[in-house]
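Worksheet: the structure to be examined is printed underneath.
Per chain, numbering begins at 1; letters A, B, ... match sequence-line order.
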Protein chains: 2
Amino acid sequence: MLAPLLAHIARYVSLTAAEAELLEAYVVPHTLERRAHLLREGEVCTATYFVVSGCLRTYFLTEKGVEHTLQFAIENWWLTDYASLDAHAPSAFFLQAVEPTWVLVLEQRGQEELFGRVPQLERYFRLVLQRGAAAAQHRVKLLYSLSGEARYRQFASLFPAFVQRVPQYMLASYLGFTPEFLSKIRARMGE
Amino acid sequence: MLAPLLAHIARYVSLTAAEAELLEAYVVPHTLERRAHLLREGEVCTATYFVVSGCLRTYFLTEKGVEHTLQFAIENWWLTDYASLDAHAPSAFFLQAVEPTWVLVLEQRGQEELFGRVPQLERYFRLVLQRGAAAAQHRVKLLYSLSGEARYRQFASLFPAFVQRVPQYMLASYLGFTPEFLSKIRARMGE
DNA sequence: CGCGTTTCTTGAACTAGTTCAAGAGGTGGC
DNA sequence: GCCACCTCTTGAACTAGTTCAAGAAACGCG
């Protein structure tokens, strides 16, 4: 069942029925329980993951053992550790399911071959990465231009449902502050 | 003279002589004076820029008129505003030459056509974007895991020459603090 | 349902980094 | 070679956000 991926691809490029079928041979569905890991610090990342439903996150641990969430990926997002994937180097990150999640796994190994057979996919991934680059620029701009409280307000108004869905401490570190501070912001906003 | 670009491309994919010549028709060299702009806030970004020599940066202005540097691009880096480029939307950013800079300009208009004729370039740009994604993850990790002073120390030890090259206030905002604070860090380190 | 773990709250003491302002240095352009 | 303008420094007062600790609530699993 990779219909959601095909639908996403169709937004960017068109594949023939034969090409879509080819893709099927390279993509493996996988279900994850809440809190299950796809990658741990020190392991080499070998695949790229497409979220069909649920939610993944990238995080790392500070020396003091505090988790910091770098990215969330919900429906229709790709997630991986590009540095580790590229260099076949041990990762500095963890990839984890925030809630029960259904992913499609595209292994790096076969990817070259697949792109050789279906060049439109090379284009699709370029466009996906380009969108990711835009999102990263936007993210850093927000981190720099708004106060912690303003960042939370904006995030909460853009993604009200998502704020309910993830534990507050994951969201706090994603927004760049402590869980205690987020709790205090909420208390302030409540009155 | 696009030899430096061809050399960079060769690190990722191989082009035939004919393909390299084709590329030449789509890439226009351009020289920039110190402080010259390639893009201003509100304008639509229509091209991607490859730095042959010199240095570009992306920055934005806060409501108070303070500049915040988001990215630097030195030799062999591509720079653009992907959000504006993609959506043909007004940019939130400025692209500026930090010092006298020589760039190659690849206009968005012809790009599709070029990639159709030279599919290896589609691949090249995917790989460049992938490297950019890795750098962005690393950047956010640094912002979250180190104190301001530690960020400066690390940056200065990694790129000692670069620290001399750019005005301190650009570097301060890139590292996520004020120029005054950077000045104080330096004073502390001096003794 | 009920127990154990995970998550959230609250308060007090603290500190990293900001803000504002004024002066001192540099340096590039003519 | 000089002036104007950029850029950097310094200090004092301040504040946004942290840290630590302890209790309260919520949740998910059996």
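- Nearest to the side-chain atoms of A:A187 among the listed nucleotides C:dT7, C:dT10, C:dA21 stands C:dT10.
- Contact annotation: A:T178 does not reach the phosphate of D:dG17 (side-chain N/O to OP1 or OP2, under 4.0 Å).
- Taking atom CG on B:L182 and atom P on D:dC8, their separation rounds to 8 Å, with Å as the unit.
- Using cut-offs of 30° and 60° on the angle between ring planes, the pair B:F162 and B:F159 is perpendicular.
- Through side-chain heavy atoms spaced under 4.5 Å, either directly or across other Ile, Leu, Val, Met, Phe, Trp or Tyr residues, A:L142 is tied to A:L146.
- Between the CZ atom of A:R35 and the P atom of C:dT6 there is a distance of 9 Å, given to the nearest Å.
- A heavy atom closer than 4.0 Å to some atom of DNA chain D occurs in A:S147, A:G148, A:F177, these being the qualifying members of residues 141-177 of chain A.
- As a whole-Å value, the separation of B:E180 CD from D:dG11 P is 14 Å.
- Computed from coordinates, the A:R186 CZ to C:dT9 C1' distance equals 11 Å when rounded to whole Å.
- The residues A:R126 and A:E122 are annotated as not salt-bridged, no charged nitrogen and carboxylate oxygen being separated by less than 4.0 angstrom.
- Electrostatic pairing of B:R165 and B:E75 counts as a salt bridge here, judged by a charged N lying under 4.0 Å from a carboxylate O.
- Judged by distance alone, with hydrogens and angles left aside, B:K64 brings no side-chain donor or acceptor close enough to the base of C:dT18 to form a pair under 3.5 Å.
- Paired with A:H8 under the rule ring pair (Phe, Tyr, Trp, His ring centres under 6.0 Å), one option of A:W77, A:Y124, A:F125 passes, and it is A:Y124.
- Among D:dC20, D:dC8, D:dT7, the nucleotide with an atom closest to any side-chain atom of B:R34 is D:dT7.
- Distances from the side chain of A:K184 to the nucleotides C:dT10, C:dT19, C:dT6 place C:dT10 closest.
- Atom P of nucleotide C:dG28 and atom CD of B:E33 are separated by 14 Å, given to the nearest angstrom.
- Pairs of residues two or more places apart, or lying in two chains, that qualify as salt bridge (Lys or Arg N to Asp or Glu O under 4.0 Å) and include a residue from residues 149-163 of chain B are B:E149-B:R153, B:E149-B:R188.
- Judged by distance alone, the side chains of A:T46 and A:E107 do bring a donor and an acceptor atom under 3.5 Å apart.
- The distance from atom CZ of A:F181 to atom P of D:dA16 is 8 Å, rounded to the nearest whole Å.
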